[in-house]
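Residues: numbered from 1 along the sequence shown.
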Amino acid sequence: MRRKSLPRARGEEERRRSCDWKFIRVPFANNSQFVYMKRSNTTGDTAAIFRDVSLKSLKSQTGGIEAPISEVLTMLRDVSARVDGEPAQTIKDAMKVLSSHELYAPSINRFRDADRIATQYYDGLIRLHHPARQRKRSVVDAHREKRGSHGERRRVSADVKNALENDNCWKFDILHLEKVSDHHALSQVGMKVFERWKVCDVLGCSDDLLHRWILSIEAHYHAGNTYHNATHAADVLQATSFFLDSPSVAVHVNESHAVAALLAAAVHDLDHPGRGNAYLINTRQSLAILYNDNSILENHHIALAFQLTLQHNANVNIFSSLSREEFIQMRHAMVEMVLATDISRHFEYLAKFNKMHVTDVPEEQRDTNSLTICDMLVKCADISNPAREWGLCQRWAHRIVEEYFEQTREEKEKGLPVTMEVFDRNTCNVPITQCGFIDMFAREAFATFTEFAKLGELSDQLESNYEKWKVMTSQWTPTHNTNLVL
């Protein structure tokens, strides 16, 4: 559905000079964005955050950012509606080419029949991953066939069992499970989710092997982190499972991608140090050097997950029964989904999801769509805290803010560039930071995905939480920052 674009913004310099606005530059991988905080005025209006709307969106009145390729496709679509015959078909063909997920990959179809050497160069050096073309079962089909199958029941305490009862509901309280399971929420909710989705059947592994694997993964999260810990991974896993449960999602997702999404959610922040990518770059950490400053932590999380899984003496290789082709496909999907959680690539993945077509598409496109959907749902699960029930939303916000406070303190003590000055414990207005995150990242992502998934109540909850944060902005003082409820 096409929405009206925002009104034209005032000039950048004019806004910088205005005493009504506080200007912040937000760095991204390829460019910078501008964020403006509107100060409270004499009428008592609460502070609000507005993104620079000079990067206008053709799809969202909330000021979401549109990738240039999406703007081109929108313009071509408008033109095609105004012409007939051969020109219209030519435009549609051009749009199909531009909609490819491998826009800059070479097309050498003319070589494949006549030039065996060129074909082998293409497959060996460029294409690399070329899975066999075969019909894949959707999540709906897979569960229809497996209905009634039950795995081994694990013994858990009565408190843990009660805490897990509504794990398929959006109001599920993962922080209560963290408490009653003695900080083993990931392994507890993980095994229940894996059993419901028949992960052992798909991987061809035993329940005991899968349990050893999730315990190994859980052990490599840092319990000392207030936010990026195993409980956060458990929260993202539960949200991923909830999204996959939506019939509007499940019909478009194949079985192997669903399992890959669950596994990716479990490992997506593995061994997170509690400091962001910018901090690792500024301190010249070995991981930043290893990954050339690109998606440093995301690359590390998924690389370590496979290193732990495949090491011979650990006996946790849940992929050992997969064929070579099945393993390559599973690994490719998991890597893609974890890399999609890099917030610096947020708008790139949102644009890919927005230009996806799901009706009357060939088999190959359905497989591509399945992966695109899973990228988006894992991404939304990762930033889902603002859309949770208010009590959970507030506690998760306090946890991430506390982690940012500590990073800012350390950056200042070491004389490093301060990644996000707004997270100084002595001056921070926490409700404003939460409104800002929703404005910049969460609102459009959730509006887009929940419309597709027919889960509009999640966006309603997000807006309700936003209004609560907004009311709190005028009441918040830095003294609140010393006793956050974690």
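Judged purely by atom type and a 3.5 angstrom limit, Asn299 uses its side chain to pair as donor or acceptor with the backbone of Asn294. Between the side chain of Glu389 and the backbone N or O of Gly391 there is at least one donor-acceptor pair closer than 3.5 Å. Within the 3.5 Å criterion, the main-chain N or O of Phe423 finds a donor-acceptor partner in the side chain of Thr408. Thr448 contributes a side-chain N or O that, together with a main-chain N or O of Glu444, makes up a donor-acceptor pair within less than 3.5 Å. Between the side chain of Ser246 and the backbone N or O of Ala453 there is at least one donor-acceptor pair closer than 3.5 Å. Side-chain atoms of Arg366 come within 3.5 Å of backbone N or O of Val361 as a donor-acceptor pair. Put simply, the side chain of Ser80 gets close to the backbone of Arg77: a donor and an acceptor are under 3.5 Å apart. Between the side chain of Ser384 and the main chain of Ala387, no donor-acceptor pair closer than 3.5 Å is present. Under the 3.5 Å distance criterion, the side-chain polar atoms of Asn429 are matched with a main-chain donor or acceptor of Ile432. Looking only at distances, no side-chain donor or acceptor of Gln407 sits under 3.5 Å from a matching main-chain atom of Tyr279.
By the 4.0 Å N-to-carboxylate-O rule, Asp439 lies close enough to Arg443 to be salt-bridged with it. Using a cut-off of 4.0 Å between Lys/Arg side-chain N and Asp/Glu carboxylate O, Lys352 and Glu348 are scored as salt-bridged.
For the residue pair His257 and Ser370, a side-chain donor N or O sits within less than 3.5 Å of a side-chain acceptor on the partner. With 3.5 Å as the limit, one finds no donor-acceptor pair spanning the side chains of Ser295 and Arg345. At a cut-off of 3.5 Å, with distance as the only test, no side-chain donor of Gln434 or Asn465 sits close to an acceptor on the other residue. Counted by atom type alone, Asn254 and Asp367 present one or more donor-acceptor pairs between their side chains at under 3.5 Å. Side-chain polar atoms of Gln329 and Glu325 form a donor-acceptor pair below 3.5 angstrom. For the 3.5 Å distance criterion, the side chains of Asn385 and Tyr227 qualify, holding a donor opposite an acceptor. No side-chain donor from either of Trp390 and Ser464 sits under 3.5 Å from a side-chain acceptor of the other.
Closest approach of Ala381 and Ala239 over heavy atoms only: CB-CB, 3.6 Å. Across Met337 and Ala261, no two heavy atoms sit closer than the pair SD-CA, 3.3 Å. The two residues Leu186 and Ala266 have their closest heavy-atom pair at CD2-O, 4.1 Å. The two residues Arg275 and Leu297 make their nearest non-hydrogen contact at O-CD1, 3.3 Å. Summarising the geometry of Lys379 relative to Asp342, their closest heavy-atom pair is NZ-O, 3.9 Å, with the distance given to 0.1 Å.
Ring geometry for His272 against His301 counts as parallel: the plane angle stays under 30°, on a 0 to 90° scale with 60° as the upper cut. Using a 30° and 60° split on the angle between ring planes, Phe353 and Phe449 fall in the tilted class, from 30° to 60°. Relative ring orientation between Trp476 and His398 is described as tilted, the plane-to-plane angle lying within the 30° to 60° band.
Here the CD1-CD1 distance, from Ile281 to Ile289, works out to 9.5 Å after rounding to the nearest 0.5 Å. Annotation: the span from Phe243 atom CZ to Ser241 atom OG amounts to 10.5 Å, rounded to 0.5 Å. Taking CD1 of Ile318 as the start and CG of Leu210 as the end, the distance is 6.0 Å to the nearest 0.5 Å.
The closest side-chain heavy-atom distance from Ile373 to Phe452 is below 4.5 Å. In this structure, Tyr349 and Thr341 have side chains that are not in contact, with every pair of non-hydrogen atoms separated by 4.5 Å or more. Side-chain contact between Leu244 and Leu262 is present, with heavy atoms from C-beta onward closer than 4.5 Å. Side-chain atoms of Phe194 and Cys200, non-hydrogen and from C-beta on, never get closer than 4.5 Å to each other. Between Tyr221 and Leu270, the closest side-chain pair of non-hydrogen atoms falls below 4.5 Å. Annotation: side chain of Leu458 is not in contact with side chain of Leu462 (no heavy-atom distance under 4.5 Å).
Cation-pi geometry between Arg331 and Phe319 is not met: the NZ or CZ atom fails to fall both under 6.0 Å from the ring centre and inside 45° of the normal.
Counting heavy-atom neighbours within 6.0 Å of Lys468 NZ, excluding the residue itself, gives a total above 12.
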